[in-house]
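One structure is given below, encoded as structure tokens.
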Number of protein chains: 2
Amino acid sequence: MNAPSLRVLIIEDDPVIRRFVRSALEAEACEVFEADTAARGEIEAGTRQPALLILDLGLPDRDGQDVIRGLRTWSQVPIIVLSARTNEDEKVRALDAGADDYLVKPFGVPELLARVRAQLRRSALIGHEAQPVFCFGQIEVNMIERRITRAGEEVHLTPIEFRLLAALIRSHGRVMTHRQLLTEAWGPGYAERSHYLRIYMKQLREKLERNPAQPEFLLTETGVGYRLAG
Amino acid sequence: MNAPSLRVLIIEDDPVIRRFVRSALEAEACEVFEADTAARGEIEAGTRQPALLILDLGLPDRDGQDVIRGLRTWSQVPIIVLSARTNEDEKVRALDAGADDYLVKPFGVPELLARVRAQLRRSALIGHEAQPVFCFGQIEVNMIERRITRAGEEVHLTPIEFRLLAALIRSHGRVMTHRQLLTEAWGPGYAERSHYLRIYMKQLREKLERNPAQPEFLLTETGVGYRLAG
DNA sequence: CCGGTTCTTTACGCAATCCTTACGCCCGTT
DNA sequence: AACGGGCGTAAGGATTGCGTAAAGAACCGG
């Protein structure tokens, strides 16, 4: 089923489950990497460039949602979350943070593998381009370090400003609707508040554009949304 | 106003669940279509071109796996399966048949919506080069980036102009009646106002045709509607 | 508890878009 | 030749959406 060298990264602190998942995946001819903390996991995700990521939500060093959101700023790798918590709210938050699937422990190996296959099948249609550093004009955006420089000078962005910019970068060239941007930067409950966008786009332009009144990169598509030139 | 809302198709025989899922999705500003059998579902999937499909496995007229496989022969639309069966084998077969997610009844609305969002988010990333670019003459229309170029030069269209062009492209070659075009571009309340069409077709021709007075592509079918040559 | 940062709310002028109105042309019918 | 339906063309007013500013509310670290 799987091509021989499909890389999968497991981020999980429990060595028993890690071993368990690893052997299941290796039976599917995947190349498996492991990490036992979020910090190590992020580094591995950057260096190994896995095709799929299996993430335990209960890591010792950082909150699960946080880890997902961090990964999502620079990578589109499919993420399957494992968690002992059946709590619906937990599921929703993980999925909205950017996870693609959520599997409750204990789970059966066949189901895990089937969900892995489903995610890989889907992402094979997409075309993989994880870009930890993105540039336009004099701007350089490092998604991993969350740092932006403009002509070498560091630019400070607030969390929402950064999420907005990250969303635009992820689909640079393409128009993102108001609804999409609001959902990505604020969350699914804010889809109607398009006036927020005007304020934050203004701030982003103020910080990034040469002439904020006539933007070169952060472009308006009236009645639809915004678009990052590319 | 109305951002281009995402179309979702529910194929489910139980009217209670159908209603239930519909209202949940409509709260998320989706445009919802329904079908109560696999046969009708397949037709709807073809004509409506939904962005997401929610499929009950226990349909009266055909086996669930079969339906999925049938759809997958011609469509890559994300499919979320609903089923009363918790049986792991059932899950594996549905996922391997081509489903993207599997949700066991009874499920909570928040989880369903979160999984819907996850699937839509994922499928919105469909590759830049891989997908629908329509060409006619020197015109190139990229539906995903929402950009139009004419001989390489970018052409700006207003939201209504774009929807009108998109409707014509969707049935390129065939005639679309005034009523159909008005409904697609303005909404169901505007079916009678055919004078709008004259104005906007004029503008489209002005922007796209070599000689707007003698259109090569945006053709009039007197007394009926318009047609995109192709 | 305080000061600073970030987020949210409110308000208004301007620009893009949409809608309305008007008129002229072509063409088949009377 | 006059008429009317259907369409194309033009221009201006109405509406909506966007950019901008500023101030209050919530949040966070000390």
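Here is the naming used below: chain letters follow the sequence lines, and residue numbers restart at 1 for every chain.
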When you get a sec, tell me which of D:dC7, D:dT9, D:dG19 is the closest nucleotide to the side chain of B:A213?
-> D:dT9

Write down the distance between CG (A:L197) and P (C:dT8), rounded to a whole number of angstrom.
-> 12 Å

In whole angstroms, how far is the C1' atom of D:dT9 from the CD atom of B:Q214?
-> 15 Å

D:dG8 OP1/OP2 closer than 4.0 Å to side-chain N/O of B:T220 | yes

Would you mind telling me which of A:I80, A:L82, A:I79, A:V81 makes a side-chain contact (heavy atoms from CB on, under 4.5 Å) with A:Y102?
-> A:V81

Begin with the C-alpha distance, continue with both residues' side-chain angles, and end with the deciding distance and a verdict on side-chain hydrogen bond (donor to acceptor under 3.5 Å, both in side chains) for B:T220 and B:R205.
-> CA-CA 11 Å; B:T220 305; B:R205 284 166 175 161; 2.8 Å; yes

Would you call A:R179 and A:E192 a salt bridge, taking side-chain N to carboxylate O under 4.0 Å as the test?
-> yes

Identify, with sequence neighbours excluded, every residue that meets side chain to side chain donor-acceptor pair (under 3.5 Å) alongside B:E184.
-> B:R170

A:L204 atom CG is separated from D:dG19 atom C1', nearest whole Å, by 14 Å

Figure out the CG/P separation between A:L164 and C:dC7, and round it to whole Å.
-> 11 Å

Taking NZ from A:K207 and C1' from C:dT5, how many angstroms apart are they, rounded to a whole number?
-> 10 Å

Annotated protein contacts, base or backbone, on nucleotides 9-19 of chain C with a non-hydrogen cut-off under 4.0 Å, one of B, S, - each = BB-----SSBS

Are OP1 or OP2 of D:dA21 and a side-chain N or O of A:K202 less than 4.0 angstrom apart?
-> yes

B:R205 CZ to D:dA10 P: how many Å, rounded?
-> 13 Å

Using atom NE2 of A:H178 as one end and atom C1' of D:dT16 as the other, report the distance to the nearest whole Å.
-> 12 Å

Lys/Arg N to Asp/Glu carboxylate O, A:D14 vs A:R18, below 4.0 Å | no

Excluding sequence neighbours, so at least two apart, what forms side chain to side chain donor-acceptor pair (under 3.5 Å) with B:E161?
-> B:Q203, B:K207

